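These notes are about the structure you will find just below.
Not measured: the values here are computed from a predicted model. Chain A is the first sequence line, chain B the second, and so forth, proteins listed ahead of strands; every chain is numbered from 1.
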Amino acid sequence: MTFPHASPFILAIRRDLLLAARHKTEIVTALFFFVIVVNLLPLGIGPDTDLLRKIAPGALWIGALLATLLGLQRLFAPDHADGTLEQMALSPQSFTLLVAGKIVAHWLVSGLPVVLIAPILGVQFDLPGRSLGLLMLSLLLGTPILSLIGAVGAALTLGVRGGGALLSLLILPLYIPALIFGAGAVEADLAGLGAEGHFSLLGAVLLVSLFFAPWATTAALRVALE
Amino acid sequence: MLSVTQLTCQRGERVLFQDLHFELPDAHWLQIAGANGAGKTSLLRILAGLTEPVQGTVLWNGVEIRTERSLWHRDLLYVGHQGALKEELNPEENLFFSLGLEGFGASPTAVRAALQQFGLQGREHLPVRYLSAGQRRRVLLSRLLLRPGRLWILDEPFTALDVHASQLMTQQIQHHLHQGGSAILTSHQPIPLSGGSCLTL
């Protein structure tokens with residue numbers, strides 16, 4: 001509490017990180033879920049290294065999608081339940097900026113650990129060092145997309161009964177571009193084709209969602225608050 | 001000055017109130033009374049700008065609140081039904097963040113002094129989860145001391161407060177009125193304050 005005049009955006013991030021730190025089980029659960037889902041595949045498929053190398057990018061990416069989905073419903077629900085979201089909407093500061101701060105915090109808590117742990121899991125699939133680096137890079141570009149698009153879905157399903165299942169149905173199809181270009185980048189490089197094209201497209205998806213998602217999320221939240 | 005004209009509120013098929021008309025000059029306060037479910041909270045939410053009315057306008061100093069949202073929200077201090085308190089955080093952290101998200105900095109000493117004034121010394125570092133309903137309410141009301149605002153909208157500010165805290169609360173409102181502020185509150189009890197009027201829905 002040393003910066004009493006920190007910007008509201010930074011404070012929104014700090015607040016959610018502090019709350020996450022008091023709820024460590026939630027972060028650990030999502031991360032373990034990721035590790036276990038990804039681990040199941042080599043166990044189920046057997047020690048065919050060629051096949052494992054081929055499916056590795058897809059497997060890790062699908063693991064990342066599912067792990068993100070796990071915590072997404074809790075992105076706005078607690079703040080909605082205790083009235084904090086209402087106070088944020090009534091803040092003289094930009095509501096969109098505060099929402100953007102929450103999305104950044106969500107990525108730091110759920111996306112970044114996945115990026116960091118991915119290369120360790122990739123080793124089990126016998127991925128070469130170069131592919132591990134590319135995989136990390138693709139997840140570094142891709143996991144923010146998952147948080148951004150996910151936030152729109154979380155806001156739209158806020159306060160809906162059985163919102164969890166609806167959220168998955170709504171969001172997973174929207175994750176397809178990120179999945180294709182993200183996993184595709186590593187696959188293309190393994191096949192000897194360049195990964196640049198995939199990375200450019202992944203970057204483009206990231207920019208578009210960076211621009212639209214906070215705004216769309218805020219609009220959906222305002223409707224939920226009515 | 002807040003002026004409300006021809007305000008109509010509808011929830012689903014039911015019209016809660018219609019053609020509501022009132023003005024609240026500076027240094028005055030208004031009590032909103034009515035049976036449970038009469039639309040008191042709905043009215044407060046419309047005034048705050050959280051809900052759009054079916055019909056009618058709300059003007060703050062002659063400007064419609066929707067057009068100058070940020071200015072309106074700078075002048076407005078709203079304490080709703082729900083606490084907006086995080087159970088995992090202690091009172092100090094709660095106040096620090098709720099003020100910060102509204103763009104008002106608060107020094108730790110000021111926060112501690114406000115909590116002390118509402119009798120929460122020694123509880124500053126206890127997660128809100130361990131506080132009683134009345135103590136949680138006191139944390140919320142400490143915000144009134146820290147967050148500047150010209151118009152206070154308080155939904156049931158006396159709920160769960162003991163006699164002493166209710167007196168403190170009344171004193172706070174009195175002080176706010178003396179400084180030229182205004183207040184709108186819902187309450188089922190009569191409020192011992194002068195210069196007020198009552199609106200029954």
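Only the backbone of B/L85 comes within less than 4.5 Å of a heavy atom in chain A; its side chain stays farther off. Looking at A/L98, the atoms closer than 4.5 Å to chain B (heavy atoms on both sides) all sit in the side chain, from C-beta outward. Using a 4.5 Å cut-off between heavy atoms, B/R45 touches chain A through its side chain atoms alone.
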Notebook entry, point to check: Can you check salt bridge (Lys or Arg N to Asp or Glu O under 4.0 Å) on A/R22 and B/E93, steps first, answer last?
Noted result: CA-CA 13 Å; A/R22 305 253 159 111; B/E93 290 162 335; 3.0 Å; yes
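The shortest side-chain heavy-atom distance between B/S70 and A/Q93 does not fall under the 4.5 Å cut-off. Looking at heavy atoms from C-beta onward, B/W72 lies out of side-chain contact with A/P92 at the 4.5 angstrom threshold.
With rounding to the nearest 0.5 Å, the separation of CZ in A/R14 from CZ in B/F97 is 5.0 Å. For the atom pair A/S91 OG and B/L76 CG, the distance stands at 11.0 Å (nearest 0.5 Å). Considering CD of B/E87 and CG of A/L19, their distance stands at 11.5 Å, rounded to 0.5 Å. To the nearest 0.5 Å, the span separating CG on B/L101 from CZ on A/R15 amounts to 6.0 Å.
The candidate with the highest count of non-hydrogen atom pairs below 4.5 Å against chain A, out of B/L50, B/L89, B/L71, is B/L50.
Scored by the ring pair (Phe, Tyr, Trp, His ring centres under 6.0 Å) test, B/W29 finds no partners at all (sequence neighbours excluded).
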Show me the donor-acceptor pairs, under 3.5 Å and distance only, between side chains in residues 216-226 of chain A and residues at least two apart or in other chains.
{"residue": "A/T217", "atom": "OG1", "partner": "A/A213", "partner atom": "O", "Å": "2.6"}
{"residue": "A/T218", "atom": "OG1", "partner": "A/P214", "partner atom": "O", "Å": "2.6"}
{"residue": "A/E226", "atom": "OE2", "partner": "B/E52", "partner atom": "N", "Å": "3.4"}

